[in-house]
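Heads up: the structure comes next, in structure tokens.
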Amino acid sequence: MERQYRLKKNRAFQYVYRRGQSAACRDLVMLHAKGRELKVGFSVSKKVGNAVTRNRIKRRLRECFRPCLGDVKTGLYVIVARPSAAKATFQSLKKDVRYLLKKQGALKEGNRAE
RNA sequence: CGAGGUGAACAGGCGAUCGCGUGGCCUGAAAGGGUCAUGAGGAAAGUCCGGGCACCACAGAGCAAGGGUGCCGGCUAACGGCCGGCGGAGGCGACUCCAGGGAGAGUGCAACAGAAAGAAACCGCCCGCUUUCCGCAGGGAAGGCAGGUAAGGAUGGAAAGGCGAGGUAAGAGCUCACCCGCGGGACUGGUAACUUUCCCGCGCUGUAAACCCCACCCGGUGCAAGACGCAGGAGGCCAGUCGGUUGCUCGCCGCAGCCCUCCGGGAUCGCUUGAGCCAUUCGGUAACGAAUGGCCUGGAUAGAUGAUCGCCCCAUACAGAACCCGGCUUACGGUCACACUCGCAUA
RNA sequence: GGCCCCGUGGUCAAGAGGCCUAAGACAUCGCCCUUUCACGGCGGUAACUCGGGUUCGAAUCCCGACGGGGUCA
């Protein structure tokens with residue numbers, strides 16, 4: 001279920017980086033490009049930390065995004081973690097993701113379930 | 001009680017809700033859904049060694065180049081690893097550490113200092129000859145010349161065995177006793193390295209993580225290897241100065257096609273049962289080996305283990321498999337054991 | 001994931017066992033020159049990535065860490 005909403009190819013990431021609109025906060029950067037499907041990708045560079053730290057951030061971000069899947073408009077999203085995200089708690093990451101989605105205007109109006 | 005030494009296992013657990021990968025089963029035309037299992041480490045790390053495996057010819061032969069290892073015996077698939085021993089170094093000790101062959105093959109280097117850095121005469125000491133001076137004389141003093149001499153001297157990391165006695169003009173392993181070191185031989189013990197005792201000879205600087213010599217080992221590339229399959233584009237090569245294959249020689253194979261190279265695309269296999277893990281017994285000081293019984297224990301591909309809550313004393317450091325094993329090294333948390341050591345106190 | 005290379009002042013760099021108390025250039029600081037600035041001249045500050053080992057002696061040789069970079073689909 002999760003996997004089909006995942007952004008995979010490097011070319012797709014490059015497309016979003018080139019065409020997407022960005023919004024940022026202290027720990028995260030979100031890029032958004034329009035599209036027919038809903039795809040989400042996560043990018044955590046080596047500057048953030050070692051393999052354990054990066055994996056933990058990616059897992060947390062996936063978990064943050066999961067409850068929002070039904071409320072989000074279609075399109076390509078890339079969430080980039082900044083180095084300070086290594087110290088952030090799950091709660092603050094969750095708040096940041098919601099805030100950024102709102103800022104992008106990506107949330108659907110009303111609660112139409114999928 | 002304090003300070004150490006050695007060794008061992010562990011790497012939070014349980015419950016609840018939501019979520020993810022893989023496998024089996026059920027359901028479904030399919031997409032999918034349900035259910036049951038299972039799901040990161042001692043270092044998964046660094047990539048420093050050794051293998052398996054794959055391709056290069058069934059990976060071959062010789063020489064060279066290059067690289068590695070280096071006390072002895074054993075273990076191992078193999079190793080630069082491990083175990084036991086020997087020698088040396090450190091520590092009061094338990095114990096720890098050591099690239100630990102050869103400098104009686106050759107070459108090089110040893111700055112500065114010092115007379116001199118491999119076999120040395122600057123100062124000093126001494127015999128002889130000689131000049132001058134002093135003295136009645138024996139003789140003495142100063143200088144010169146030619147020799148002898150490594151006992152003493154500032155230097156240096158290192159100065160030509162140490163100390164004592166004899167000896168001498170002065171001295172000197174020149175001779176002797178004791179000690180130290182090296183080489184050879186015999187002997188004791190040991191598979192061996194080595195060692196005990198004795199005899200003979202010698203007194204030779206250090207450096208091989210300088211070149212080198214000796215002994216032994218090593219073909220190359222690495223799962224982004226490669227296999228299968230799809231089929232598109234560009235280029236190359238016709239028998240020798242060709243390619244496969246770092247040099248040479250040999251040998252083998254290929255050469256107008258079922259070939260080679262490059263670019264583009266796909267992600268089926270390789271992909272997890274293995275020098276496997278656990279228990280018991282036996283052999284061995286040990287590393288390890290053997291027998292019997294039991295177990296199946298990740299396989300992802302933007303890359304699966306998370307989030308929240310409660311309890312257990314507050315609870316956790318270093319850290320994430322990417323073909324697979326055996327080591328080494330590095331990072332790191334608390335715990336336990338010892339008829340292991342030292343010190344203090346008490347009995 | 002594999003393979004390969006490199007670490008010397010703030011930057012670019014030479015040095016390859018002793019002459020290193022580490023060359024040089026740019027930058028920086030002070031002084032001189034100039035009415036002033038620039039140019040120029042003189043002088044100063046400032047470095048061998050870290051930890052062990054070999055050696056009498058290590059930036060240099062060996063081992064191990066750490067950091068940086070390249071390359072392979």
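Convention: sequence-line order gives letters A, B, ...; per-chain numbering from 1.
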Quick check on side chain to side chain contact (heavy atoms under 4.5 Å, CB included): which of A:Val80, A:Val40, A:Ile79 does A:Leu61 satisfy it with?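 Looking at A:Val80, A:Val40, A:Ile79, the match for A:Leu61 under the side chain to side chain contact (heavy atoms under 4.5 Å, CB included) is A:Ile79.
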Which residue, A:Ala51 or A:Phe90, contacts RNA chain B at a nucleotide closer to its 5' end, judged by nearest heavy atom?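 Closest to the 5' end, via its nearest nucleotide, is A:Phe90.
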Rounded distance (Å) that lies between atom C1' of B:G303 and atom CD1 of A:Ile57: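 My rounded result for the distance is 16 Å.
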Nearest-angstrom distance from the residue atom CZ of A:Arg60 to P of B:G320: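 These atoms are roughly 17 Å apart.
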Quick check: are there more than 12 heavy atoms from other residues, nucleotides or ligands sitting under 6.0 Å from CZ of A:Arg98?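 Count not over threshold, so no.
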Nearest listed nucleotide, side chain of [X], among [options]:
X: A:Arg62; options: B:G303, B:U308, B:A319; value: B:G303
X: A:Gln91; options: B:U308, B:A304, B:G320; value: B:U308
X: A:Arg66; options: B:A304, B:A307, B:G19; value: B:G19

N-O pairing of A:Arg60 and A:Glu63 below 4.0 Å: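 No, no charged N to carboxylate O under 4.0 Å.
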Write down the partner of [N] under the Watson-Crick or G-U wobble criteria, each distance required to be under 3.5 Å.
N: C:A13; result: none
N: B:A231; result: none
N: B:C309; result: B:G15

Nucleotide N/O of nucleotides 1-3 of chain C paired with protein N/O under 3.5 Å:
none

